[in-house]
A.B. asks: 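Got a structure for you, questions after.
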Amino acid sequence: MTAERRQKDIANAAKAAGDDVLRREAQYNIERYQAAYDRITDKAMLTPDKSRMRVSGFKDVKPHEALQRAADYGILQVDENQPAFRSLTDVGARQWYLEHDRRIPDLIDRSKPLEEQARQACEMRNICRTLAREFMKDQESRKTLDERYPNKSFEELIQDKMLRKGLSRQQAIRDILETSTKTNKDVNRKLGLEGN
């Protein structure tokens with residue numbers, strides 16, 4: 001059983017249990033596995049065989065569904081004029097990302113427990129990052145970004161912060177909230193957007 005199939009089983013179970021947070025987290029992991037598989041088969045010039053990754057009852061999330069999740073959170077306005085997928089320059093996609101990432105703190109439901117607020121921040125950030133990459137015209141650059149700066153699940157992000165910064169789990173959760181709009185300065189600088 002592949003790691004992707006495991007995540008699909010988790011997504012199915014979470015959907016049946018009504019746990020949208022866990023389902024979305026599994027979905028992001030699935031998308032990462034699929035992107036990695038596609039990169040490997042492209043480089044090796046192989047024909048992809050995804051038959052072993054199928055799980056009964058699982059439906060992959062498509063880019064338009066990411067748009068819907070963004071609208072559900074309020075990251076995007078219903079009447080907002082969105083760019084077409086694969087239509088923006090790298091700079092344009094990054095500007096879109098920065099603009100929408102800044103909205104996250106105002107969209108978090110502060111009535112929820114701290115961990116749930118941090119989960120929301122993580123998911124909204126991943127949605128913004130995924131959509132910005134979908135808008136990129138240069139999908140080769142997008143593949144590089146996916147490899148170097150992949151979306152992390154909530155638990156992966158906590159573990160990363162605990163290891164890299166020496167934080168406790170609770171401190172890592174707080175840090176996720178506090179840094180929800182802190183963007184990668186190297187990427188901004190490379191695109192001439194440092195200071196935005």
A.B. asks: Please tell me whether S168 and Q171 have a donor and an acceptor in their side chains that are separated by less than 3.5 angstrom.
C.D. replies: yes

A.B. asks: Is it true that E115 and R174 make a salt bridge, defined as a side-chain N closer than 4.0 Å to a carboxylate O?
C.D. replies: no

A.B. asks: Would a 4.5 Å heavy-atom cut-off, applied to side chains only, mark R103 and D106 as touching?
C.D. replies: no

A.B. asks: Output yes when K161 and E156 qualify as a salt bridge under the 4.0 Å nitrogen-oxygen rule, no when they do not.
C.D. replies: no

A.B. asks: Considering residues at least two apart in sequence or located in another chain, which fulfil the side chain to side chain donor-acceptor pair (under 3.5 Å) criterion with D101?
C.D. replies: R125

A.B. asks: Looking at S180 and I176, would you say the former's side chain and the latter's main chain have a donor-acceptor pair under 3.5 Å?
C.D. replies: no

A.B. asks: Got Q117 and D109 here, is their nearest side-chain heavy-atom distance under 4.5 Å?
C.D. replies: no

A.B. asks: Do the non-hydrogen side-chain atoms of F154 and N126 ever get within less than 4.5 Å of each other?
C.D. replies: no

A.B. asks: Hey, are the side chains of E155 and R119 touching, using non-hydrogen atoms and a 4.5 Å cut-off?
C.D. replies: yes

A.B. asks: Give me the ring orientation class for F135 and F85: parallel if the planes are under 30° apart, tilted from 30 to 60°, perpendicular past 60°.
C.D. replies: parallel

A.B. asks: Nearest 0.5 Å please: distance from the CD1 atom of I75 over to the NE2 atom of H100.
C.D. replies: 8.5 Å

A.B. asks: Tell me, yes or no, whether the heavy-atom count around R148 atom CZ, taken from other residues, nucleotides or ligands under 6.0 Å, exceeds 12.
C.D. replies: no

A.B. asks: In Å, rounded to the nearest 0.5 Å, how long is the span from OG1 of T130 to CG of N151?
C.D. replies: 4.0 Å

A.B. asks: Could you work out, with ring-ring contact (aromatic ring centres under 6.0 Å, His included) as the rule, every residue matching Y73, not counting sequence neighbours?
C.D. replies: none

A.B. asks: Please round to the nearest 0.5 Å and tell me the distance separating atom CD of E123 and atom SG of C128.
C.D. replies: 10.5 Å

A.B. asks: Does the side chain of Y97 come within less than 4.5 Å of L131's, by heavy atoms?
C.D. replies: no

A.B. asks: To the nearest 0.5 Å, how far apart are CD in E116 and CD1 in I108?
C.D. replies: 10.5 Å

A.B. asks: Is a donor on one side and an acceptor on the other found under 3.5 Å between the side chain of T179 and the backbone of D175?
C.D. replies: yes

A.B. asks: Any chance you could measure L177, atom CG, to C122, atom SG, to the nearest 0.5 Å?
C.D. replies: 10.5 Å

A.B. asks: Check whether any side-chain heavy atom of E134 lies under 4.5 Å from a side-chain heavy atom of R86, and answer yes or no.
C.D. replies: yes

A.B. asks: Are I173 and M162 connected in a single hydrophobic cluster, I mean Ile/Leu/Val/Met/Phe/Trp/Tyr linked by side-chain heavy atoms less than 4.5 Å apart?
C.D. replies: yes

A.B. asks: Any chance you could lay out the side-chain contact (heavy atoms from CB on, under 4.5 Å) test for D90 and R94, step after step, and finish with the verdict?
C.D. replies: CA-CA 6 Å; D90 292 358; R94 187 65 178 179; over 6 Å; no

A.B. asks: Got M136 and S141 here, is their nearest side-chain heavy-atom distance under 4.5 Å?
C.D. replies: yes

A.B. asks: Restricting to non-hydrogen atoms, name the atom on L88 and the atom on P83 that form the minimum distance, rounded to 0.1 Å.
C.D. replies: CD1-CG, 3.7 Å

A.B. asks: So, taking the atom named OH in Y149 and the one named CZ in R133, what distance separates them when rounded to the nearest 0.5 Å?
C.D. replies: 9.5 Å

A.B. asks: Do D138 and R142 sit within salt-bridge range, that is, some charged N less than 4.0 Å from a carboxylate O?
C.D. replies: no

A.B. asks: Between P105 and R110, is any pair of side-chain heavy atoms under 4.5 Å apart?
C.D. replies: yes

